[in-house]
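Reading through the structure tokens given below for one structure.
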Amino acid sequence: MSELRETRLEKANALKEQGQEPYALRFDLTDRMARLQADHADLANGTERDLKVSVAGRVMTRRVMGKLAFFTLADETGTIQLFLEKATLGESFAQLSSLVDAGDLIGVHGILRRTDRGELSVKVSEWQMLTKSLQPLPDKWHGLADVEKRYRQRYLDLIVTPQSRETFRRRAMAVSAIRRWLDDRDFLEIETPVLQSEAGGAEARPFITHHNTLDLPLYLRIATELHLKRLVVGGFERVYELGRIFRNEGVSTRHNPEFTSVEVYQAYADYNDMMTLTEQLIASVCEQVCGTTRISYQGVDVDLTPSWRRATMHELVQEATGLDFGSFQTREAAVEAMRAANLPTPDKADTVGRLLNEAFEHAVEPNLIQPTFVLDYPQEISPLARKHRSKPGLVERFELFIVGRETANAFSELTDPLDQRSRMELQQERRAAGDVEASGVDEDFIQALEVGMPPTGGLGIGIDRLVMLLTDSPSIRDVIAFPLMRPEG
RNA sequence: GGGUCGCUAGCUCAGCGGUAGAGCACUCGGCUUUUAACCGAUUGGUCCUGAGUUCGAAUCUCAGGCGACCCA
């Protein structure tokens with residue numbers, strides 16, 4: 001209600017009349033809360049330490065009792081109690097107790113004192129309004145229980161939910177740990193276009209936009225793959241890009257239309273090398289962010305200590321269903337066996353390989369809790385991966401699954417330009433037939449391959465899903481500061 | 001796309017056919033060791049929107065909006 005706001009505006013005006021700017025320019029602070037708490041843990045109850053400190057932050061709670069008051073002041077690192085007494089503050093005590101609300105940002109000068117009840121406090125001798133807040137804070141006890149509000153008004157969530165702050169702190173740590181790990185191994189981060197005239201590198205619907213001056217339809221990238229490979233053709237032997245990807249798809253606890261990936265390409269390597277790289281990289285990031293590689297996700301223990309299980313898609317499906325997809329000569333044979341095993345056989349899965357993938361997604365994927373590399377995918381669902389060196393119909397590809405979720409995807413990259421062209425033409429046929437996720441032929445990319453790409457291992461990791469794992473977050477929206485929301489009605 | 005659940009005061013929630021409620025927050029008064037401070041008083045409402053049933057709807061029905069979760 002705007003009555004609260006009116007009251008606070010009046011307080012802001014009252015401050016002005018008393019010569020206090022309600023929106024201050026700056027404040028010289030000497031200390032931050034967490035450090036003060038740590039450095040003065042030895043201060044005895046009921047005693048003072050004659051050390052002048054200046055701190056600033058947001059007033060979280062107020063407890064006023066006549067001529068004495070206690071505020072809790074929070075900065076980014078933590079909280080400290082303010083010990084406010086009329087005897088010390090004189091006239092400005094009345095101002096404090098009547099014009100400062102929970103939610104205001106203030107700066108104070110004072111000395112340290114631990115109260116009789118053992119709370120380290122700043123005994124304030126001087127205070128200054130830094131920013132007057134016009135909106136009330138959420139319930140101090142329950143916090144922001146409304147999930148929708150947490151996403152729509154993330155700033156409130158961050159103010160009152162310490163766990164939310166910790167999640168984004170960890171996300172930042174994870175992202176910088178990934179960059180550091182790759183930089184240390186001579187991988188070069190190169191930025192590739194977000195706006196593309198052909199959206200390729202994955203099977204997904206793109207967002208469409210338009211360039212006015214060139215009168216050109218453009219797509220937001222659905223992957224960084226094809227441009228990073230062009231860089232490998234150009235002679236950069238170790239490249240990566242960590243950045244935003246856009247896919248015009250639904251929203252769920254595991255999907256946001258814009259998300260972050262890191263794609264890594266290493267010349268003269270294959271998918272076996274990328275497996276080692278993946279487990280080393282993720283284990284290292286986990287160690288740095290969580291302090292251990294044995295973590296707990298939503299009550300389930302997950303052990304990310306290398307090395308991880310490696311099994312082929314065929315083996316895993318057979319293990320879970322008893323079906324040997326290597327023995328099916330025709331789609332009909334596979335359909336018959338799958339029906340007998342109560343597995344769905346959608347029409348769009350029009351080959352044995354696609355049916356294998358269906359069986360995998362249904363019977364295996366949700367049960368891959370511990371990190372597992374799934375190897376050797378059907379060629380028809382992997383148009384950018386090279387043919388397997390010894391298994392006909394399959395490609396050298398792995399996906400990494402953790403807690404039932406696809407977390408990484410990697411290939412021995414397809415370097416044969418003629419093979420790549422025929423794969424892309426197949427995609428184009430599917431698109432012509434109505435598959436909105438199929439891409440077309442990227443002529444410029446084919447031309448790059450014709451110039452010659454060295455044998456290369458490529459890898460993509462979904463940063464958001466990795467961060468979910470490292471922060472024990474149940475929804476992707478918990479790890480994206482401002483997730484996509486439908487506008488409020 | 002389908003299903004289940006939710007939407008009531010700034011926040012957290014109760015009420016489930018008969019006058020719109022509580023705690024916290026706000027405002028006022030009291031209080032020099034509180035930390036969900038306490039005590040007293042007051043203030044605060046498009047019960048998500050619209051239509052219907054009914055003497056009477058926050059409550060029942062239908063449609064719509066937004067969200068959460070599950071399934072595809």
Side-chain angles (χ1 to χ4, degrees), chain A residues 1-12 14 33 37 43-48 59-74 78-90 93-94 96-104 113-124 132-157 159-161 205 249-256 298 343-349 357-358 361-362 365-366 404 436 473-478 483-489:
Chain A
M1 193 56 202
S2 66
E3 195 174 319
L4 291 168
R5 187 170 172 275
E6 286 302 319
T7 307
R8 291 187 171 211
L9 272 173
E10 282 166 22
K11 289 180 180 178
M33 314 315 190
Q37 297 280 8
L43 189 61
N45 289 5
T47 66
E48 295 182 355
V59 176
M60 300 305 290
T61 60
R62 290 165 20 101
R63 295 175 291 279
V64 181
M65 45 207 67
K67 300 181 183 66
L68 179 67
F70 300 93
F71 290 3
T72 304
L73 196 67
T79 63
I80 198 163
Q81 179 169 266
L82 302 184
F83 181 94
L84 308 153
E85 58 177 357
K86 191 173 183 183
T88 311
L89 282 157
F93 179 82
L96 249 180
S97 59
S98 67
L99 300 181
V100 177
D101 293 297
D104 291 351
R113 173 192 180 94
R114 192 175 294 278
T115 61
D116 296 351
R117 297 292 183 86
E119 187 75 36
L120 184 68
S121 309
V122 175
K123 182 180 171 187
V124 176
K132 182 70 196 169
S133 167
L134 301 182
Q135 299 286 340
L137 288 180
D139 189 286
K140 66 183 169 191
W141 182 240
H142 299 95
L144 259 193
D146 182 350
V147 197
E148 180 183 350
K149 195 148 285 179
R150 289 186 50 203
Y151 300 145
R152 286 192 193 276
Q153 293 179 264
R154 183 67 87 183
Y155 41 90
L156 288 180
D157 178 43
I159 290 170
V160 301
T161 317
R205 298 181 75 161
E249 294 167 354
V251 170
S252 78
T253 46
R254 289 177 291 277
H255 299 88
N256 194 65
Q298 301 293 296
L343 289 163
T345 56
D347 291 342
K348 63 172 184 167
N357 191 49
E358 284 288 330
E361 287 180 1
H362 273 90
E365 208 176 290
V436 291
S473 298
S475 169
I476 197 170
R477 292 181 160 197
D478 296 323
L484 184 78
M485 302 289 280
R486 208 184 285 267
E488 274 180 295

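Just so it is clear: chains get the letters A, B, ... in the order the sequence lines come, proteins before strands, and each one is counted from 1.
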Could you please name the option among [options] that lies closest to any side-chain atom of [X]?
X: A:Gln81; options: B:U35, B:C11, B:A68; value: B:U35
X: A:Asp101; options: B:A72, B:C26, B:U33; value: B:C26
X: A:Pro138; options: B:U35, B:C11, B:U32; value: B:C11
X: A:Ala87; options: B:U27, B:C66, B:U32; value: B:U32
X: A:Leu68; options: B:U32, B:C26, B:G67; value: B:U32
X: A:Thr253; options: B:U35, B:C69, B:G10; value: B:C69
X: A:Glu119; options: B:A72, B:G67, B:U35; value: B:U35
X: A:Arg477; options: B:C31, B:U27, B:G67; value: B:G67

What is the distance, rounded to the nearest whole Å, between atom [atom1] of [X] and atom [atom2] of [N]?
X: A:Met65; N: B:C38; atom1: CE; atom2: C1'; answer: 8 Å
X: A:Tyr151; N: B:C66; atom1: OH; atom2: P; answer: 18 Å
X: A:Glu365; N: B:A72; atom1: CD; atom2: P; answer: 11 Å
X: A:Lys86; N: B:U32; atom1: NZ; atom2: P; answer: 10 Å
X: A:Glu358; N: B:C71; atom1: CD; atom2: P; answer: 16 Å
X: A:Arg154; N: B:G67; atom1: CZ; atom2: P; answer: 15 Å
X: A:Met60; N: B:A36; atom1: CE; atom2: C1'; answer: 13 Å
X: A:Gln153; N: B:C11; atom1: CD; atom2: C1'; answer: 11 Å

Contact class for [X] (heavy atom, under 4.0 Å): base, sugar-phosphate, or nothing?
X: A:Lys123; value: nothing
X: A:Thr72; value: nothing
X: A:Lys149; value: sugar-phosphate
X: A:Ala69; value: nothing
X: A:Arg113; value: base

What integer number of Å spans the [atom1] atoms of [N] and [M]?
N: B:A58; M: B:C48; atom1: P; value: 10 Å
N: B:U4; M: B:U27; atom1: C1'; value: 43 Å
N: B:U61; M: B:G67; atom1: P; value: 24 Å
N: B:C55; M: B:G15; atom1: P; value: 28 Å
N: B:C69; M: B:A14; atom1: C1'; value: 23 Å
N: B:A22; M: B:U42; atom1: C1'; value: 16 Å
N: B:A20; M: B:U46; atom1: C1'; value: 14 Å
N: B:C11; M: B:A25; atom1: P; value: 15 Å

Can you see which heavy atom on [X] is nearest to which on [Y], and at what distance?
X: A:Ala44; Y: A:Thr47; value: O-OG1, 2.6 Å
X: A:Arg477; Y: A:Leu484; value: NH2-O, 3.0 Å
X: A:Ser133; Y: A:Gly103; value: CB-O, 3.3 Å

Mate of [N] where both pairing distances stay under 3.5 Å, Watson-Crick or G-U:
N: B:A63; result: B:U49
N: B:C11; result: B:G23
N: B:C38; result: B:G30
N: B:U4; result: B:A68

For the CZ atom of A:Phe83 and the CD atom of A:Glu48, what is their distance to the nearest 0.5 Å?
7.5 Å
Pairwise side-chain contact, [X] with [Y], heavy-atom cut-off 4.5 Å (strictly under):
X: A:Val59; Y: A:Leu73; answer: yes
X: A:Lys11; Y: A:Thr7; answer: yes
X: A:Ile476; Y: A:Arg254; answer: no
X: A:Thr88; Y: A:Val124; answer: no

Just distance, no hydrogens or angles: give the donor-acceptor pairs under 3.5 Å from side chains in residues 60-72 of chain A, sequence neighbours left out.
unit_1, atom_1, unit_2, atom_2, d
A:Thr61, OG1, A:Arg63, NH1, 3.1
A:Thr61, OG1, A:Thr72, OG1, 2.8
A:Arg62, NH1, A:Ser97, O, 3.2
A:Arg62, NH1, A:Val100, O, 2.6
A:Arg62, NH2, A:Ser97, O, 3.4
A:Arg63, NH2, A:Gln81, OE1, 3.0

Side chains of A:Glu361 and A:Asn357: is there a donor and an acceptor less than 3.5 Å apart?
yes
Between B:U27 and A:Lys11, is there an OP1 or OP2 to side-chain N/O distance shorter than 4.0 Å?
yes
OP1 or OP2 of B:A25 less than 4.0 angstrom from a side-chain nitrogen or oxygen of A:Arg62, does that happen here?
no
Closest nucleotide of RNA chain B for A:Phe70 versus for A:Thr61: which of these residues is on the 5' side?
A:Phe70
Nearest nucleotide by nearest heavy atom, which residue falls closer to the 5' end of RNA chain B, A:Ser98 or A:Gly66?
A:Ser98
All N/O contacts under 3.5 Å from nucleotides 20-24 of chain B to the protein, with atom names and distances to one decimal?
unit_1, atom_1, unit_2, atom_2, d
B:G23, N2, A:Asp139, OD2, 3.0

